[in-house]
Amino acid sequence: MEKKIGMIANGVNIDHIPQGNALNILRYLRLERKYPVGIGLNLPSERMVIKDLVKIENYHLTDEQIKAISVLAPHATFSEIVNYEVVRKFQLTIPEIIEGLVICPNHRCVSHQYRSKFSFTDVSGKTIAHCCYCDHNYDLSEVREFNL
Amino acid sequence: MQNLRNNGLISLQDLSKQDILDILAHAKQFKDGMRKNTLDGKVLASCFFEASTRTRLSFESAVARLGGKTIGFADGSSTSQSNKGESFVDTLKMLNCYADGLIMRHPNDGAARLASEVMNIPVINAGDGANQHPTQTLLDLFSIQDSQGQLEDVNLGLMGDLKYSRTIHSLIDSSKLFNMRLFLIATPELRIASEDLHELRRHGISYSFHSTAEEVIERLDCLYLTRLQKERFNGAIEGNYGISLSTLDKAKPNLKILHPLPRLEELPAEIDDTPYAYYFTQAQNGVYVRQALLDIIFGA
């Protein structure tokens, strides 16, 4: 397995989070107070210039949570640690479709009365979020509101 | 047209060019006098959560001409959703129990797509907010084809509110399928949206900008006018966004004027008695197109 990460014995490390999105991840996860959490905001990064980082001790993410975090922190690096060993590490990829997470910026969209459904495509280095109801397209980096 | 049969119609994007041509050909058969009882014994819910006189009545006329019956409401103010706080999805699930199909107009974008997901009866979008109104576009295309004898290579003038009009947006979207030449006639405030312009360029559609209809009237086969949606503007719009009798002095003999109606001052009543006026025939065509669509969706 790979190198040891920080002081985490067991848990998850989410690195290369776009600046400003770490707190969204924690809001989404709604962790119980028993889990120690380390947050790094506005850290220097070779890959991103500035990044955020989240470490959560004694906590493991479900596939559904990883899928949602892929939207909240596109292309972040996810690591799972067990007994100081990195047992899984990969760059998050945007899911094809996610329901209920993204709030459609179109205020006339019917999803505000139900639940949202967005599909994603990468176009020229940008992730385009497509509302499956009102058919509007958005640059995901400009989407600011999520159901957290 | 297997994708239409038993499925309904939510967006024009769900149709291929051949699907559109097949629907228009079928509509022509109805216009030429074909009679069918496809909807005999069927009940269709005609639910207009916002009022639309022409669309609702032409749909209900089409259902009746096919032998079916309609239930429903002409605006959303008298529903349990409006008066008792029932959710939109619950209203849809309830309608699913009462009807064989749903014809729906709704003020919210995407409402028809949502309805098609939570219901297992065919849903026909009769307009969802600023998003889609596929049967309007189909009847517009039918009207161009029926008045000109062809859809390909037509010189089409689009005039009025090119920026916000849903019908204009859909026609621009369709023009790429039929290689139409577009003449975009609008004041600077009402010129087409940048996304539409991008689409025209991407698909190699020929277009030009003009500020009055007089500049291009002698080249047009069809002139499609739209109402200025004044509620969208704070100040008055400068310039000319309508026509008059004198506009038509140099019109080609085959010119037809189209308008989705209702009209305001952009299309004065003095035009009605000219051979160029086609907008009431266009409204009538709406019945044939909707008959064709319903016959395809509910036919055996």
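A, B, ... follow the sequence lines: proteins, then strands. Residue 1 opens every chain.
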> Could you check whether B/R105 and B/H133, counting side-chain N and O atoms only, form a donor-acceptor pair closer than 3.5 Å?
yes

> Check each atom of A/C132 against the heavy atoms of chain B and say whether the ones under 4.5 Å are side chain, backbone, both or neither.
backbone

> Could you tell me whether B/R113 sits above the aromatic face of A/Y133, with NZ or CZ closer than 6.0 angstrom to the six-membered ring centre and within 45 degrees of the axis?
no

> Need one label for A/H112: side chain, backbone, both or neither, based on atoms under 4.5 Å from any heavy atom in chain B.
neither

> For the residue pair A/Q65 / A/Y59, report whether a side-chain donor-acceptor contact shorter than 3.5 Å exists.
yes

> Using a 6.0 Å cut-off, check whether atom CZ of A/R30 has over 12 heavy atoms from anything other than its own residue.
no

> Please classify the contact between B/E117 and chain A as side chain, backbone, both or neither, with a heavy-atom cut-off of under 4.5 Å.
side chain

